[in-house]
Protein chains: 2
Amino acid sequence: MADLIIGIDGGGTSCRAAVADPDGTVLGRGRSGAANILTDPNNAIVSITEAAEAACRDAGIPVETIAKASAFLGLAGTNVGNLTQYVRERLPFRHTDIDSDGLIALQGAIGDAEGSVAILGTGTIFMARRAGTVHYIGGWGFIIGDLGGGARLGHALLQEALLAHDGIHPRSAVTDAILAEFKHDPTAMVEFARLSKPGDFGRYAPLVFQHAQQNDPGALALVEAAARSVNESLDAITRIGGHERLCLLGGLAPLYPAWLEPRHRAILVDPQADALAGAVALAAKRFRERSGGATA
Amino acid sequence: MADLIIGIDGGGTSCRAAVADPDGTVLGRGRSGAANILTDPNNAIVSITEAAEAACRDAGIPVETIAKASAFLGLAGTNVGNLTQYVRERLPFRHTDIDSDGLIALQGAIGDAEGSVAILGTGTIFMARRAGTVHYIGGWGFIIGDLGGGARLGHALLQEALLAHDGIHPRSAVTDAILAEFKHDPTAMVEFARLSKPGDFGRYAPLVFQHAQQNDPGALALVEAAARSVNESLDAITRIGGHERLCLLGGLAPLYPAWLEPRHRAILVDPQADALAGAVALAAKRFRERSGGATA
């Protein structure tokens, strides 16, 4: 059997794998549990291996084949801490390249082209490829970063609801909605916030966009502030990535375009493919480089 | 020996006590460790008792006297949870009244008058007395409240420094200063933020005010945003407390007046006394009420 390549898209909730020919033709796909190398590197190793084996079974290939495969992994959490080497040394592949989940998303979205990609989900990160180099802006996480992300938007809604409750800001439909959800008990809202992870705040982001679309003044102010931050970040990233193409990814990608500056809307393109396809493409590229083939 | 009264000002870092004659004349003062009834009620009971006994020793009175005393306690954390009764039942005083640390601060600051008091420290809370009733606005804590407080201001500085680092916002003297403190390593800043309590963020607030006074654009934007929030809250509290007097307390009280709207600056008054004096005054008032005396 010829050599195989494997692409891995590993995140905090699940891990996806695709096994492919060296030219990138996908033969099978698999999925497993969380692969967060920051919070649980040993479990991430198990999840990555399971997803790769599941992809082999899906392709009708013996799972032992992964020992001869070249894998490219895009993983969340690679920008913090020093666990990448620990994980790499314990994975079952012949060759293992690990990079960020952002890089495989960019590769999937715009292929080998120059341009910018913004991931607008619970958090936010902005990326650009220029002259073969990938640059990153943001992605620092919920506590002092990720402005414009769903978590910060949901957080801002709870904060605004307290201001409305106290009579400091006017009430509006969106603050009434969230206060009603907490039975108009601010202490319940404070307790929720104390126990919340970013994803818990982020679940309220779509509610804010919905009310903004209906011109609710409270929601408009929140979305406009978030969009101002995203527009500023897009200005910064397109200064690097150029003004030819901009691709939005993540759960808020369908909601943001209406709120972006015309200069950004004008260059929006749809993603070519997803992050897993990006991981396969990067695995194929590294395989060709190792084989002494064209580096395209 | 005549009956005695005791005033207690209990907070997260220390507990102060004053023992006094029933007319409020202070005979002695004492101090002890943290008295946070939310995080450690049993230790709070120990601290409160120790402070009261220290006040007795300072006055030359046997410490056993506290068993016959009427105490008024202003404690942090009484607005959340249900630990007030637990603490009250285990304290050694004959009569024990527990209310918020805010109430004794208000009593100390403006006595029995009508008016508004803002505590501008690590957090923020706004209070007003009108027709004998005390009203509270804010004070919801760092996570989704306390806008304008030192913790939120320090947090905003770290966030702004990341934006400056990423080229999203212009750099300025204040963001350069904080980035230099973290050796221009954003991940160190993110890690600091992850581990920080409100007080840790709050330590950067004076730095922001200093740079704003020197017209640093980055610091000006941060202080102006914080002051906007404080001005809005003062509008709300003076709608209740009237426009006769406004008293600022807390670590940021000396720094904020220059940034307040003229309508608020015009009614600023100095505090008459501190929170411990307020606790003694309230203890004296409750003692008179129990003794069937005039309720003043």
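- Contact annotation for B:L147: only side-chain heavy atoms (C-beta onward) come within less than 4.5 Å of a heavy atom of chain A.
- Here A:L162 is the residue among A:V190, A:L158, A:L162, A:L163 with the most heavy-atom pairs under 4.5 Å with chain B.
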Next on the checklist: Before you tell me yes or no, could you show the steps for B:L246 and B:R265 under side-chain contact (heavy atoms from CB on, under 4.5 Å), namely the whole-Å CA-CA distance, both residues' side-chain angles and the distance that decides it to 0.1 Å?
Outcome noted: CA-CA 8 Å; B:L246 166 65; B:R265 274 211 304 272; over 6 Å; no
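- B:N231 and B:Y256 share no side-chain donor-acceptor pair at under 3.5 Å.
- The closest side-chain heavy-atom distance from B:R152 to B:F142 is below 4.5 Å.
- Among B:E160, B:H169, B:H165, the residue with the largest count of heavy-atom pairs under 4.5 Å with chain A is B:H169.
- Relative ring orientation between A:Y204 and A:F182 is described as tilted, the plane-to-plane angle lying within the 30° to 60° band.
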